[in-house]
Amino acid sequence: PQKPLNVILLGIDSLRADHLSSYGYNRLTTPHLDRLATQGVLFERNYSAHVPTTSAYASMLSGQDCFSTTVVALRHRGGLPDHIETLPEILKTQGYNTSCVGFTGNPSSRGFDEYLDYPSWGNWAEGRSPKAEKLNEVALPELERLASQKDPFFLFLRHMDPHAPYLPPGPFERMFYSGDEFDSSNRSMEPVWGFKPFCDFFADWMPPGLTDADYVTAQYDGAVAYMDAAIQRLLTRVDELGLADNTLIVVNGDHGETLYEHECWFDHHGMYDNVLHVPLILRLPGKLPAGQRVSGYSLHQDLVPTILELAGLKRKVKIDFDGQSLLPLVDGKRASNYSDFYITECTWMRKHGWRTPEWKLMVALEPDFHFKPEVELYNLVEDPEENRNLAKREPGIVAMLRQRMDAHVQRRERETGRTNPMFTNLNWHGSSHEGAFESSQEAYDTMHIGSVGAANKLQAGGKGKTKKKARKR
């Protein structure tokens with residue numbers, strides 16, 4: 001009988017697809033992931049429909065949308081609802097050993113046997129931050145332990161290198177930058193330092209006196225390149241352990257990142273495509289074709305059904321997923337899993353919207369701290385960088401897209417028997433302010449991220465609330 005399939009899922013935080021060389025970026029940031037893509041399948045239009053981290057992983061690890069998971073906010077209160085089964089919980093019922101590295105305590109990481117942690121943040125005072133190597137120091141021994149067992153395994157690794165702080169070690173910090181980051185005639189960092197909600201966070205990890213915003217983007221790209229090299233160490237060990245032919249490797253971003261675009265500096269605010277468009281690469285020799293690129297649309301919720309079908313568990317697992325397997329797209333039997341889809345963000349702004357191949361509608365559910373208009377509309381064909389808001393010029397298209405979005409929301413509310421969680425998460429911001437903000441100025445004056453340590457606590461949720469105790473190595 002054929003051995004059960006092992007699964008290694010690399011969940012990469014804040015990795016925007018357009019900064020991978022395999023997705024067309026002009027900088028060679030990801031030579032090793034590019035090679036992985038030539039050995040498997042790359043999905044060109046894979047999207048994170050529910051930004052940010054907690055909601056994205058809730059969908060990625062359950063195969064469900066936000067109406068089913070009820071998770072839309074970074075600071076989600078409470079755990080996943082009992083009716084949701086996560087991928088580690090599903091695989092455990094099929095005899096799998098399951099381990100999670102770097103995501104202890106988040107509501108969306110429920111159900112693993114083992115939780116292991118590593119230093120995944122860093123600041124300027126501590127120096128350069130070798131996040132990916134610290135992950136490997138924990139992940140490689142765990143991989144070896146799992147490989148030594150008779151049962152199949154699911155290993156989830158959460159990489160943090162592209163997430164601020166961007167502090168890649170040498171030589172990666174200068175790999176894509178040859179300028180003078182302290183040039184006094186360069187004023188590109190002035191609005192960044194002047195953004196009150198985030199200025200203390202930036203000061204905690206950016207060089208004092210920094211004037212050139214291009215330097216920060218180069219640090220992001222350097223962090224991606226550094227992580228790419230560290231991932232190759234993991235892939236090498238998979239080969240050495242004789243696991244490659246029977247182990248599905250998945251690389252997926254949870255959401256992208258805003259660098260200097262849209263005045264939403266160096267974090268993941270908003271629902272512009274630089275935040276929604278994330279990479280997805282799958283490799284499984286003999287079962288998935290090598291070097292194939294799939295152009296149809298896919299979402300996080302499609303990953304779990306795809307993994308279960310590849311593992312031969314589709315008929316054994318009786319779950320009605322919101323997502324669909326991607327294998328018909330790979331086989332050429334279906335062009336796309338979606339033509340248009342619902343999008344949400346509940347990190348630093350509470351917004352929802354509707355995306356089609358041509359248009360993107362974004363509607364604010366309360367005023368945001370970037371002082372953006374309530375309604376934004378972009379023509380993604382003529383303006384792919386989303387710089388020209390056409391909402392006032394094209395009221396008919398706004399009305400059409402809003403009608404589609406509202407109809408989808410109402411249908412999903414009927415199907416789940418629950419109110420859209422975007423309408424009920426009124427304390428999503430985690431501040432002392434009660435309920436929705438009444439003005440952008442109120443949001444700007446209230447919200448403040450503080451130090452790197454404070455940012456870490458926002459993501460950690462209820463550390464230690466997972467069923468099994470996390471251990472460090």
Side-chain angles (χ1 to χ4, degrees), residues 1-12 15 20-23 30-43 46 60-61 87-88 91 94-102 112-114 116 132-133 135-159 225-253 279-294 303-314 325-327 329-331:
Q2 190 173 6
K3 288 175 63 178
L5 186 73
N6 302 311
V7 180
I8 300 176
L9 170 54
L10 286 69
I12 304 178
L15 183 60
L20 276 71
S21 32
S22 48
Y23 280 80
T30 52
H32 301 291
L33 289 177
D34 299 352
R35 180 171 177 263
L36 183 76
T38 67
Q39 300 167 343
V41 182
L42 180 149
F43 294 83
N46 184 66
M60 188 196 300
L61 292 172
L87 182 58
L91 292 177
Q94 304 299 319
Y96 278 69
N97 294 323
T98 62
S99 294
C100 171
V101 176
F112 288 92
D113 296 317
E114 299 287 345
L116 300 95
E133 285 176 284
L135 182 150
N136 280 354
E137 287 175 10
V138 173
L140 289 171
E142 185 65 3
L143 172 65
E144 292 160 359
R145 184 188 73 81
L146 290 168
S148 71
Q149 310 292 308
K150 70 178 191 306
D151 295 325
F153 66 82
F154 170 41
L155 176 60
F156 173 73
L157 309 176
R158 183 189 177 214
H159 284 80
Y226 161 72
M227 175 190 68
D228 176 78
I231 286 173
Q232 182 55 45
R233 172 70 191 119
L234 179 80
L235 297 175
T236 297
R237 197 72 189 111
V238 168
D239 289 341
E240 291 170 348
L241 292 167
L243 298 171
D245 288 342
N246 196 50
T247 299
L248 171 65
I249 304 287
V250 181
V251 176
N252 201 181
L280 176 62
I281 299 169
L282 275 65
R283 185 190 78 177
L284 182 58
K287 281 196 174 180
L288 290 173
Q292 184 168 337
R293 299 177 73 96
V294 171
L303 185 59
V304 170
T306 305
I307 290 173
L308 295 179
E309 185 168 355
L310 283 169
L313 301 174
K314 181 180 178 182
S325 171
L326 295 168
L327 296 190
L329 276 67
V330 176
D331 296 337

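Bear in mind the structure is a predicted one, so any value in this text is a computation, not a measurement.
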Can you confirm whether [X] sits close enough to [Y] that some side-chain heavy atom of one is under 4.5 Å from a side-chain heavy atom of the other?
X      : Y      : answer
Leu157 : Leu234 : yes
Val250 : Leu280 : yes
Val41  : Leu329 : no
Val294 : Leu42  : no
Leu91  : Leu308 : yes
Ile231 : His159 : yes
Leu248 : Leu288 : yes

Considering all heavy atoms, the nearest [X]-[Y] contact:
X      : Y      : result
Asp34  : Ser21  : OD2-OG, 2.6 Å
Gly95  : Pro152 : O-CD, 3.7 Å
Pro279 : Leu20  : CB-CD2, 3.9 Å
Glu309 : Ser325 : OE1-OG, 2.7 Å
Val304 : Met60  : CG2-O, 3.3 Å

To the nearest 0.5 Å, what is the distance between [atom1] ([X]) and [atom2] ([Y])?
X      : Y      : atom1 : atom2 : value
Leu87  : Phe156 : CG    : CZ    : 10.0 Å
Leu33  : Tyr23  : CG    : OH    : 10.0 Å
Leu135 : Leu140 : CG    : CG    : 8.5 Å
Tyr96  : Phe112 : OH    : CZ    : 13.5 Å
Ile8   : Phe154 : CD1   : CZ    : 10.0 Å
Asn246 : Leu284 : CG    : CG    : 7.5 Å

Quick check: does any side chain N or O of [X] sit under 3.5 Å from a backbone N or O of [Y], one acting as donor and the other as acceptor?
X      : Y      : value
Thr38  : Gly291 : no
Gln39  : Arg283 : no
Asp113 : Thr98  : yes
Thr306 : Leu326 : yes
Asp151 : Asn97  : no
Asn252 : Ile12  : no
Ser99  : Leu155 : no

**Message:** Using the side-chain contact (heavy atoms from CB on, under 4.5 Å) criterion, which residues pair with Gln232? Sequence neighbours excluded.
**Reply:**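 Here the qualifying residues are His32, Arg35, Leu235, Thr236.
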**Prompt:** Between Val138, Asn6, Asn136, Leu243, which is the residue that forms a side-chain contact (heavy atoms from CB on, under 4.5 Å) with Leu143?
**Reply:**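 The single option meeting the side-chain contact (heavy atoms from CB on, under 4.5 Å) with Leu143 is Leu243.
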**Item:** Electrostatic pair Glu133-Arg233, nearest N-O below 4.0 angstrom
**Value:**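 No, Glu133 and Arg233 are not salt-bridged.
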